[in-house]
Asks: 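Dropping the structure in here first, questions after.
Values below: all heavy atoms of this structure, side chains included; hydrogens, waters and symmetry mates excluded.
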Amino acid sequence: MIACGARTREALPGAFTFRGSEDSDAVRALLADARAGRFRDLVFALPGGATWALPLYELALLTAADLAAHGATGVNVTLATHEEAPLALFGPAASEAMRELLEARGIALRSGVYPAAVEAGRLRLVPEGSLPADRVLTLPRLKGPFIAGVPHTDEGFIQSDAFGRVEGAPDVFAAGDVTAFPVKQGGIAAQQADAAAEAIAAHAGAAVSPRPFRPVLRGLLLTGGVPRYLRAEMGGGHGETSTAATEPLWWPPGKIAGRHLAPFLAAWTGLAVPPAPPLGSGAVEVEIDLAARESPQQGP
């Protein structure tokens, strides 16, 4: 079972690339400079090839909320993205909710443009135009690890089927960012791992019927106010599934949604997880194994 993740690379020359928690201090320094009035134009830019856009929107919303809380009114915040609509991966309901949040926070939106490079205080866009940009924050592109002896794409990612089997490599399975599935996200990786684990168990003789990977995208968006829970079924054939809500759409209601992984992480981090709402309780869709709420894995 290969689940080693992907590698990051810079995607936008001249911009600061946010890779995750290891860059928290750099973001704090940027916020301090913004509050002190050391620059005027701040752009959050989503480059082409970056499919998991939610962290960038989160950073933009949290930054705008922080500036407003400190009375720093002299900074123009813009979000520039190659998407035709904000958070388009989650569908129209999420895009509309995102537009409203951006507008409420005073964040300008430029969609359908490809950030190309930061040059002399401006962000150059493709196919044309530019934006004033004293500081630019972006996300990395991902590339595969190019594992020797394992079939992979030109980008180093591993092709696998709906049960996680690696194409051209019997008895080898893969899950997560190392696979060629275009969306790189923790909840998606957990779903791939569930499918692969069932297939491996069946192959070893266990009395289980493996279920294929059918991706459901779930995202918890921190806004600096009331969080938003976003959900969409991917792959088509399900009708319109785009959902955006202020109440949890999965349980436990954390950043990583996984039938087995989410309760385990809650217990491992020492978090007390409240009991799941009963089935049929308003808009809440309890998708994570309800039996887990009686398990000691849930924590105290």
Side-chain angles (χ1 to χ4, degrees), residues 18 20-21 24 27-28 30-31 34-35 42 44 46 52-73 75-79 81 83 85-109 111 137 139 183 185-188 190 216-233 240-258 262-263 265-266 269-288 293 298-299:
F18 179 79
S21 57
S24 296
V27 173
R28 292 189 185 98
L30 182 146
L31 286 172
R35 294 185 208 122
L42 172 60
F44 293 85
L46 186 70
W52 183 235
L54 187 143
L56 191 73
Y57 286 89
E58 211 166 50
L59 286 167
L61 290 169
L62 293 173
T63 295
D66 180 86
L67 294 176
H70 287 85
T73 59
V75 181
N76 302 316
V77 181
T78 303
L79 195 144
T81 174
E83 306 160 293
L87 282 183
L89 203 60
F90 283 96
S95 290
E96 182 58 30
M98 194 70 243
R99 285 186 190 277
E100 292 175 0
L101 284 168
L102 293 173
E103 183 176 354
R105 291 284 158 77
I107 301 172
L109 174 66
S111 57
L137 190 149
L139 300 179
V183 180
Q185 188 248 7
I188 291 294
V216 178
L217 190 62
R218 302 177 181 91
L220 171 56
L221 177 74
L222 302 180
T223 68
V226 178
R228 297 295 190 275
Y229 295 85
L230 312 175
R231 181 191 183 279
E233 295 183 38
E240 182 50 65
T241 63
S242 178
T243 306
T246 56
E247 295 182 349
L249 297 174
W250 57 88
W251 210 261
K255 274 283 190 182
I256 301 295
L265 289 175
T269 56
L271 295 177
V273 179
L279 288 172
S281 59
V284 177
E285 176 185 333
V286 183
E287 295 190 335
I288 308 308
R293 65 181 172 180
Q298 289 280 16

Asks: Could you measure the distance from the CG atom of Leu249 to the CG atom of Leu220? Nearest 0.5 Å is fine.
Replies: 10.0 Å
Asks: Restricting to non-hydrogen atoms, name the atom on Arg218 and the atom on Arg231 that form the minimum distance, rounded to 0.1 Å.
Replies: CG-CG, 4.3 Å
Asks: Step by step, would you call Leu109 with Thr81 a side chain to side chain contact (heavy atoms under 4.5 Å, CB included)?
Replies: CA-CA 8 Å; Leu109 174 66; Thr81 174; 4.2 Å; yes
Asks: Just verifying a value: how many Å separate Phe18 CZ and Leu30 CG, rounded to the nearest 0.5 Å?
Replies: 11.5 Å
Asks: Test: side-chain hydrogen bond (donor to acceptor under 3.5 Å, both in side chains). Region: residues 89-102. Which pairs qualify, not counting sequence neighbours?
Replies: none
Asks: Tell me the closest heavy-atom pair linking Gly258 and Ala190, and the distance in Å.
Replies: CA-CB, 4.2 Å
Asks: For a 4.5 angstrom cut-off between non-hydrogen side-chain atoms, does Met98 reach Leu221?
Replies: yes
Asks: To the nearest 0.5 Å, tell me how far Thr243 OG1 sits from Leu217 CG.
Replies: 11.5 Å
Asks: Return all side-chain donor-acceptor pairs below 3.5 angstrom for residues 57-68, not counting sequence neighbours, or 'none' if the list is empty.
Replies:
unit_1	atom_1	unit_2	atom_2	d
Tyr57	OH	Glu83	OE1	2.5
Tyr57	OH	Leu87	N	3.3
Glu58	OE1	Lys255	NZ	3.1
Glu58	OE2	Leu222	N	2.7
Glu58	OE2	Lys255	NZ	2.5
Thr63	OG1	Leu59	O	2.7
Asp66	OD1	Arg35	NH2	3.2
Asp66	OD2	Arg35	NE	2.8
Asp66	OD2	Arg35	NH2	3.1

Asks: Could you give me the CA-CA distance, side-chain angles and deciding distance for Leu54 and Leu89, then say whether side chain to side chain contact (heavy atoms under 4.5 Å, CB included) is met?
Replies: CA-CA 9 Å; Leu54 187 143; Leu89 203 60; over 6 Å; no
Asks: In Å, rounded to the nearest 0.5 Å, how long is the span from CZ of Arg105 to CD1 of Ile107?
Replies: 7.5 Å
Asks: Ala53 and Leu46: which non-hydrogen atoms are nearest, and at how many Å?
Replies: CB-CD2, 3.5 Å
Asks: Provide the closest heavy-atom pair for Ala244 versus Ala93 in the form atom of the first, atom of the second, distance.
Replies: CB-O, 4.0 Å
Asks: Rounded to the nearest 0.5 Å, what separates atom CG in Leu230 from atom OG in Ser242?
Replies: 8.0 Å
Asks: According to the interplanar angle, ranging from 0 to 90°, do the rings of Trp250 and Tyr229 count as parallel (below 30°), tilted (30 to 60°) or perpendicular (above 60°)?
Replies: perpendicular
Asks: Per the side-chain contact (heavy atoms from CB on, under 4.5 Å) rule, which among Leu137, Leu139, Thr78 passes with Phe44?
Replies: Leu137
